[in-house]
**Student:** 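Quick one: the structure is below, and I'll ask about it shortly.
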There are 2 protein chains.
Amino acid sequence: MPTDDAVRVALLLERSESLTSIQDAVRRYASGFGYDRFVLFSASASLDELVDRIYWVEGDWFGDGKAVDAKTYVRRCPVTRHILDIGEAFFWTKTLDQEGEHYRIVRKPQGPGIHGLQVPIFGPLGLEGAMSLGGEKIDASPAARLSAGLMATSAFLAARRLIEMPDRETPRVLSGRESEILAWTAAGWRQADIAATLGLSNRTVENHLRKARQRLGVATTAEAIRVAIRNGFIKG
Amino acid sequence: MPTDDAVRVALLLERSESLTSIQDAVRRYASGFGYDRFVLFSASASLDELVDRIYWVEGDWFGDGKAVDAKTYVRRCPVTRHILDIGEAFFWTKTLDQEGEHYRIVRKPQGPGIHGLQVPIFGPLGLEGAMSLGGEKIDASPAARLSAGLMATSAFLAARRLIEMPDRETPRVLSGRESEILAWTAAGWRQADIAATLGLSNRTVENHLRKARQRLGVATTAEAIRVAIRNGFIKG
DNA sequence: CAGGCAATGAGGGATTTCCCCCAATGGCCA
DNA sequence: TGGCCATTGGGGGAAATCCCTCATTGCCTG
């Protein structure tokens, strides 16, 4: 049963040192569930476009036998839009009739058409990326969903680790503590909570926040967050 | 090998219809990795009424035998503070010396002391909850980390589904005024200034901001800014 | 070795935001 | 036409943030 291997494949992916080996592992494992189309991308919904950077597109996604480039995929696949609503991996089905293609979110995809699994990957600040798997005859069991979901998550994290490697060091306008505390604030934590969690006094947290505002040249913490996100001092 | 059962246990948890059965499944499965202390809590720091809620605490985490509420737990367990940095499940170790307790994030916990695995669960809005597993002799292999992580994630989602049944979908859209005022706030304006500029009363501005926080499911305006930027409701 | 700067924390007070209610208007829709 | 919702506004009080100053420690650097 392929689900038995889920953890092993995830481990393998975690240790991968090249995108090629990630792809090989995913292809081999996912084919056991009937998938032969893949998309892997990072998403930071802050921009007008949901999709930030595409790591991998493969397969006959639109039934025209043509290779799909990243832009086309994003534009033509309405399923992508739902990853923010749903919050967990979900199955979808694409059917064809006189009027054209219809995408639907379903619990158990079956019958003719292309079916798929959409796996969003979330992090401390929300959506970070997603993997789409597609095929014509897929294993639509809950176990398959969980297993493929685990695999997809590991594949995404591994790919991102490899591709986003060139660790662009952010210009250090803010000191370490300042940006750290600003990040917690942006995550919705109050000063007192941050202080308690980091083992500091309320005063210190407050002082760091004020210093951060001064350095960023803004009046309010709310604005500091926007500016810090925009300049990459904290993740948005 | 217990990792083989990870997907099966996750499925079992997913289908659980009572907290008791979740707990039983977790106890049984996690004991195979050496865990005998558990904490399961939502840390959404948001979402209106269901803020920061402990679903399950078991085992003597702090050695004082007292009941712990969610905030206290999060504060007293220094491990929690790494959730934002790390973004994935991680091992930790607590050791004792003359000066007191020391928590450390480690790749491979071993030796004397209490060891544990911290599994954060993320969603579209960021951190939604976490599960902590602790024990004195635990399986610290990467496979165990992945397996227990999958189990913990499923346990959290199942518990939340059961405990927070009632309508937990918030329409994640802002009204015109709400996003307008949020945008001014993100630009560094104070409520009073916005009110004056837009020709409104302070109350109205305040009410719109509160409504916006509610709708975005966040606790603070600072977080609302981040989430709104991320979701494209206001420009970054 | 002095000076700068990060990190920590305090006192005390001024502002601001946040939270619980409540109510009136006007638009839209079934 | 009755219900839903956006928009507007209020009262009162609690909580949090913000602002000014000052001080200590420790690290690095010219």
Side-chain angles (χ1 to χ4, degrees), chain A residues 169-228 233-234, chain B residues 44-52 71 75 78 81 85 99 167 169-228 233-234:
Chain A
E169 72 281 346
T170 50
R172 286 182 46 84
V173 177
L174 298 179
S175 79
R177 267 311 206 207
E178 283 154 16
S179 52
E180 182 182 11
I181 288 175
L182 200 58
W184 282 104
T185 306
W189 291 55
R190 295 190 182 282
Q191 291 181 13
D193 295 325
I194 300 172
T197 305
L198 298 188
L200 303 175
S201 86
N202 291 14
R203 285 296 179 187
T204 304
V205 171
E206 185 195 327
N207 287 336
H208 282 308
L209 271 180
R210 174 146 30 84
K211 207 80 200 297
R213 285 195 300 272
Q214 280 175 5
R215 281 213 232 248
L216 295 176
V218 302
T220 66
T221 299
E223 187 183 8
I225 288 183
R226 182 183 56 80
V227 172
F233 304 146
I234 63 176
Chain B
S44 45
S46 52
L47 283 165
D48 231 5
E49 300 141 18
L50 25 118
V51 183
D52 284 337
K71 272 219 168 66
R75 286 181 180 182
R81 77 190 196 82
D85 308 333
E99 293 161 29
D167 60 352
E169 51 3 299
T170 31
R172 231 170 275 116
V173 254
L174 298 180
S175 77
R177 266 313 205 205
E178 282 153 17
S179 50
E180 184 182 10
I181 288 175
L182 200 58
W184 283 107
T185 305
W189 293 54
R190 308 218 112 97
Q191 292 181 11
D193 299 326
I194 300 171
T197 305
L198 298 186
L200 303 174
S201 85
N202 290 15
R203 282 296 177 190
T204 305
V205 172
E206 184 194 327
N207 287 336
H208 282 309
L209 272 180
R210 182 175 40 250
K211 207 80 199 296
R213 284 194 301 272
Q214 280 175 6
R215 281 215 233 250
L216 295 176
V218 302
T220 65
T221 300
E223 187 182 10
I225 302 270
R226 178 182 62 79
V227 172
F233 301 145
I234 64 176

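Lettering follows sequence order; numbering is per chain, from 1.
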**Student:** Just wondering, do A:Phe233 and A:Leu216 contact through their side chains at under 4.5 Å, heavy atoms?
**Tutor:**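 A side-chain contact under 4.5 Å exists here.
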**Student:** Distance check needed: D:dA16 C1' versus B:Leu209 CG, whole Å only.
**Tutor:**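 In whole Å, D:dA16 C1' lies 15 Å from B:Leu209 CG.
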**Student:** Which listed nucleotide (D:dT8, D:dG9, C:dG9) is nearest to the side chain of B:His208?
**Tutor:**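 So the nucleotide nearest the side chain must be D:dT8.
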**Student:** If you assign B:Arg203 and B:Lys211 each to the DNA chain D nucleotide with the nearest heavy atom, which residue ends up on the more 5' nucleotide?
**Tutor:**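 Upstream on the strand: B:Lys211.
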**Student:** Return whichever of B:Gly176 or A:Glu206 has its heavy-atom-nearest nucleotide of DNA chain D closer to the 5' end.
**Tutor:**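 The residue mapped nearer the 5' terminus is B:Gly176.
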**Student:** Select one nucleotide: of D:dC18, C:dA7, D:dT7, the one nearest the side-chain heavy atoms of A:Arg213.
**Tutor:**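 Of all the options, the side chain of A:Arg213 is nearest to D:dC18.
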**Student:** Quick one: which of D:dT17, C:dG9, C:dA7 gets closest to the side chain of A:Arg190?
**Tutor:**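 Of D:dT17, C:dG9, C:dA7, D:dT17 is nearest to the side chain of A:Arg190.
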**Student:** Within less than 4.0 Å of OP1 or OP2 of D:dC18, is there a side-chain N or O belonging to A:Thr220?
**Tutor:**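 Negative; the distance criterion is not met.
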**Student:** Under 4.0 Å from OP1 or OP2 of C:dT17: is there any side-chain N or O of B:Gln191 that close?
**Tutor:**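 So the side-chain polar atoms of B:Gln191 do come within 4.0 Å of the phosphate oxygens OP1 or OP2 of C:dT17, strictly under.
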**Student:** Quick check: do B:Arg177 and B:Leu200 have side-chain heavy atoms less than 4.5 Å from each other?
**Tutor:**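 The answer is yes; the side chains approach within 4.5 Å.
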**Student:** Looking at B:Thr204, does any N or O in its side chain come under 4.0 Å of the phosphate oxygens OP1/OP2 on D:dT8?
**Tutor:**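 Result: no.
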**Student:** Any non-hydrogen side-chain atom of B:Thr204 less than 4.5 Å from a side-chain atom of B:Leu198?
**Tutor:**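 A side-chain contact is absent here, since even the closest heavy-atom pair is not under 4.5 Å.
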**Student:** Within the structure, does a side-chain N or O atom of A:Ser175 lie under 4.0 Å from either OP1 or OP2 of C:dC5?
**Tutor:**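 The answer is no; no side-chain N or O of A:Ser175 sits under 4.0 Å from OP1 or OP2.
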**Student:** Base of C:dG9, side chain of A:Asn202 - is there a donor-acceptor contact under 3.5 Å?
**Tutor:**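 No, the side chain and the base share no sub-3.5 Å donor-acceptor pair.
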**Student:** Taking CG from A:Leu174 and P from C:dC5, how many angstroms apart are they, rounded to a whole number?
**Tutor:**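 It works out to 15 Å between those atoms.
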**Student:** Is it the case that the side chain of A:Arg226 and the backbone of B:Ala186 share a donor-acceptor pair, with hydrogens and angles ignored and the cut-off at 3.5 Å?
**Tutor:**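 The answer is yes, because a donor-acceptor pair under 3.5 Å joins these two groups.
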**Student:** If you take atom types as modelled and just measure distance, does the side chain of A:Arg210 reach the base of C:dG9 with a donor-acceptor pair under 3.5 Å?
**Tutor:**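 Between C:dG9 and A:Arg210, which were checked side chain against base, a qualifying N/O pair under 3.5 Å is absent.
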